[in-house]
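Along the sequence shown, residues carry numbers from 1. Values reported hereafter were calculated over all heavy atoms of this structure, with side chains retained and with hydrogens, waters and symmetry mates removed.
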Amino acid sequence: MTSLTDLASLNYRRSCSSLPAPVYRRPSTSNNPNYLITSNRKCNRWRFRCSVAKDSPITPPISGESKSQPFLDCVIVGAGISGLCIAQALATKHAAVSADVIVTEARDRVGGNISTVERDGYLWEEGPNSFQPSDPMLTMVVDSGLKDDLVLGDPTAPRFVLWGGGLKPVPSGLADLPFFDLMSFPGKLRAGFGALGLRPPPPDREESVEEFVRRNLGNEVFERLIEPFCSGVYAGDPSKLSMKAAFGKVWKLEQNGGSIVGGAIKAIREKNNSTKPPRDPRLPKPKGQTVGSFRKGQAMLPNAISKRLGSRVKLSWKLISISKLENKGYKLTYETPNGFASLETKTVVMTVPSYVASDLLRPLSLEAADALSKFYYPPVAAVSVSYPKEAIRADRLIDGQLKGFGQLHPRSQGVETLGTIYSSSLFPNRAPPGRVLLLNYIGGATNPGILSKTESQIVEAVDRDLRKMLINPNAGTPLTLGVKVWPRAIPQFLVGHFDILDAAKDGLKNGGFEGMFLGGNYVSGVALGRCVESAYDVAANVSNFLSQGVYK
C-alpha cells in the first residue's frame, strides 16, 4: 500500500553500516535449543493435551528450581517486512548477543501486506508496489541474497498529477520549477517566498499537513502537489495528518533553520561537516532518484529472508497470551497446527498492527493497550487491470509508448481513485507483449465507503476514472487481474500521533515491562523503505538491552 509514496516523492537517501552476511547460532545453544516449553499433562484451560510442532525440540516446563535454563534472546511477533527485517538485522549485525531469535506469524505465509501474484504472463502487486533504494534498504537486499534480482525504475520517467482535466508532469528537480505548468506563476512566487521565510510564523501547537503547507508554501502547492501526495503516501486526509509525524524531515527544516530553505542550507552544511563512514562496497549504486522492486516482485524479499532464517520462522502460530516471568523474561503461549506451545524469551518485539498489539498487551498494561487502540487504519483496495496498448490515449504516449511512473489524483478533481501506477512501464516483464498493466489504489481515509462496494463496482469506478484522463473512452472492457481490499490498510499519522505512541511506550515502561519493544509501520512510517530502515534501529535497541547483562 505504500507504493504511491515512491511515485510521489523520491528524495530519501540514507546510509547504513555494512552488515556481515552469514546467519548463525551461538554454539552454547545451537546443539540444545531448549526454547520450546510444553506440558504433557492435560491443560484444563483448553481441555486437551498440549503439543508442539513435530520438528521442534521439547523440554519440560520451567519451574522455580530451573530458572537458570537458557531463554531465547528475542521473540518477534509478526513476520511482515518489519518483523523479518528486525530478525535478519539481529542475525547479521548483532549475532554475538542475539543469536537465538524466533519469528512467529499467525498466518500461513510471511510478508504481511506484501503480496505478489503471477499468472498468465502478468506479475502484479496487491500491496506495496516499490521502494526507494536507500542504503539500509540495499543492505537488506544484499544480505538477503537478492542483489542480482534487484530491478530499478528509469529515474527520468515522468510522474503526473491530474489537474484541470489533464495529466500534468511534476517537476523532477529544481531546474524544472520555473517551467512546469502544474502551478501558476503567482503560485510559484508564493511558494518561493514562503520557503525563504516570508510567511506567517508557526503556531504554538502541532500543525496538520494542510496547515503547515498552506502557511509555508501557499494554497497551490497544497492543492496540486501535497494533497495528492498525502493520498499517495497514507491514503489520508491532510487536514488531519500531522506534519511533524507524517513528514518529519520537512517539518524539522523550519524548526532547525527558521524556514524551509534555511533549514535545508543548515542541514547541507552539517552533512558536509560530518564524517561519514565509508559506503558498503557491496551495495549497488542507483542512478538518480528512482524506485526499486525485484525480478519476481516484492514478495521475493520476505521470502528470501524467511528462507535464510529457516526454522526460526514459525508460521500458523497464533499468539494467545503473553505473561511476564519472575526473572524478568516473558512467556508467550501459542496455538499452533500441532497444538499449544510456549516460548520463553528475554525480549519481545511486537510488529503486528497496533490494534492487534492492543488486544495482546491489554492483560499486561491497560495504559499501553488503550493508546495502541487509538490508531486509525482506513480501508484501501489495490486494483490491477490490463488494457491493450491501443487503448491508451494518443496524447499520453511518448515515442509511441506509455512511459512514466504513474499519476496521482487530488480529491478536488472529481475522481475516486487515489492514483495509478504504470506497472508494465515501471519494471520489466510485468505484462505480455501488447498489453498495459495498471495498478490502481482506491479508498482511504476520505473514502472508507469502498468496504460496502462489490469487486465489480470497485473495478467500474477505477475504469470510469481512467477513461477521464488515460484510456480512450471507447476502449473495450479491461481485463481484471485482481482486486485486493485491505479493510485496515495504512496507519494514519494524525495530529497527536507521537503523543499516542509515547503513551503506549510509557505504559509498558511504567508497568515494568522492560525488554518489550514496539515495531511496525505505525512506529517507523508507512513506506516499505522506512520499515526496513527502522528495523535496524529496533535491532540495535534489542541488542543494547541484551548486552546490559540483565539475564544471567
*Asks:* Hey, what do you get for CZ (Phe427) to CG (Leu152), rounding to the nearest 0.5 Å?
*Replies:* 7.5 Å

*Asks:* Evaluate the ring planes of Phe545 and Phe517, with Trp represented by its six-membered ring, and classify them as parallel (under 30°), tilted (30 to 60°) or perpendicular (over 60°).
*Replies:* perpendicular

*Asks:* Can you tell me which residue pairs pass the salt bridge (Lys or Arg N to Asp or Glu O under 4.0 Å) test with a partner in residues 503-513, sequence neighbours excluded?
*Replies:* none

*Asks:* Which pairs count as salt bridge (Lys or Arg N to Asp or Glu O under 4.0 Å) when at least one residue sits in residues 360-373, sequence neighbours excluded?
*Replies:* Arg362-Asp370

*Asks:* Do the ring centers of Tyr522 and His497 come within less than 6.0 Å of each other?
*Replies:* no

*Asks:* Are Lys249 and Trp251 in a cation-pi contact, defined as NZ or CZ under 6.0 Å from the six-membered ring centre and within 45° of the axis?
*Replies:* no

*Asks:* Does the plane of the ring in Tyr234 sit parallel, tilted or perpendicular to the ring in Phe247? Use 30° and 60° as the thresholds.
*Replies:* perpendicular

*Asks:* Return the set of residues passing salt bridge (Lys or Arg N to Asp or Glu O under 4.0 Å) with Glu335 (not counting sequence neighbours), or none when no residue passes.
*Replies:* none

*Asks:* Is a side-chain donor or acceptor of Ser424 paired with a backbone partner of Leu437 at a separation under 3.5 angstrom?
*Replies:* yes

*Asks:* Distance check, rounded to the nearest 0.5 Å: Leu343 atom CG versus Thr104 atom OG1?
*Replies:* 7.0 Å

*Asks:* Taking the six-membered ring of Tyr122 (Phe, Tyr or Trp), confirm whether the NZ or CZ of Arg430 is under 6.0 Å from its centre and within 45° of its axis.
*Replies:* no

*Asks:* Please give me the minimum heavy-atom distance between Gly127 and Tyr441, naming the atom from each residue.
*Replies:* O-OH, 2.7 Å

*Asks:* Hey, does the side chain of Tyr334 reach the backbone of Ala106 with a donor-acceptor pair shorter than 3.5 angstrom?
*Replies:* no

*Asks:* Between the side chain of Ser543 and the main-chain N/O of Ala539, is any donor-acceptor distance below 3.5 Å?
*Replies:* no

*Asks:* Within the 3.5 Å criterion, strictly below it, is a donor on Ser115 or Glu125 matched to an acceptor on the partner's side chain?
*Replies:* no

*Asks:* Might you confirm whether atom NZ of Lys147 has over 12 heavy atoms from other residues, nucleotides or ligands at distances under 6.0 Å?
*Replies:* yes

*Asks:* Does Glu533 form a side-chain hydrogen bond (donor to acceptor under 3.5 Å, both in side chains) with Ser524? I'd like the steps, not just the answer.
*Replies:* CA-CA 8 Å; Glu533 292 163 17; Ser524 64; over 6 Å; no

*Asks:* Verify side chain to side chain contact (heavy atoms under 4.5 Å, CB included) between Phe375 and Leu501, making sure each step is shown before the conclusion.
*Replies:* CA-CA 9 Å; Phe375 294 118; Leu501 185 58; 4.2 Å; yes

*Asks:* Taking all atoms of both residues into account, what is the closest heavy-atom pair of Ser82 and Cys531, and its distance?
*Replies:* OG-CB, 3.6 Å

*Asks:* Is it the case that the ring center of Tyr422 lies less than 6.0 angstrom away from the ring center of Phe405?
*Replies:* no

*Asks:* Taking the side chain from Arg109 and the backbone from Gly112, do they hold a donor-acceptor pair closer than 3.5 Å?
*Replies:* yes

*Asks:* Does a side chain donor of either Thr116 or Gln298 reach within less than 3.5 Å of an acceptor in the other side chain?
*Replies:* no

*Asks:* Under 3.5 Å, is there a donor-acceptor pair linking the side chains of Glu206 and Ser242?
*Replies:* yes

*Asks:* Taking NZ, NE, NH1 and NH2 as the nitrogens, is one of them in Arg282 or Asp143 under 4.0 Å from a carboxylate oxygen of the other?
*Replies:* yes

*Asks:* If you look at every heavy atom in Glu126 and Trp486, which pair is closest and at what distance?
*Replies:* O-NE1, 2.8 Å

*Asks:* Give a yes or no on whether a salt bridge exists between Asp135 and Arg279, defined as a side-chain N under 4.0 angstrom from a carboxylate O.
*Replies:* yes

*Asks:* Do the side chains of Ser231 and Leu408 get nearer than 4.5 Å, heavy atoms only?
*Replies:* no

*Asks:* Just checking, is any N or O donor in the side chain of Asp108 or Ser316 under 3.5 Å from an acceptor N or O on the other one?
*Replies:* no

*Asks:* On the ring face of Tyr330, is Lys346 found with NZ or CZ under 6.0 Å from the centre and within 45° of the axis?
*Replies:* no

*Asks:* Do any N or O atoms from the side chain of Asp73 and from the backbone of Ala99 form a donor-acceptor pair under 3.5 angstrom?
*Replies:* yes

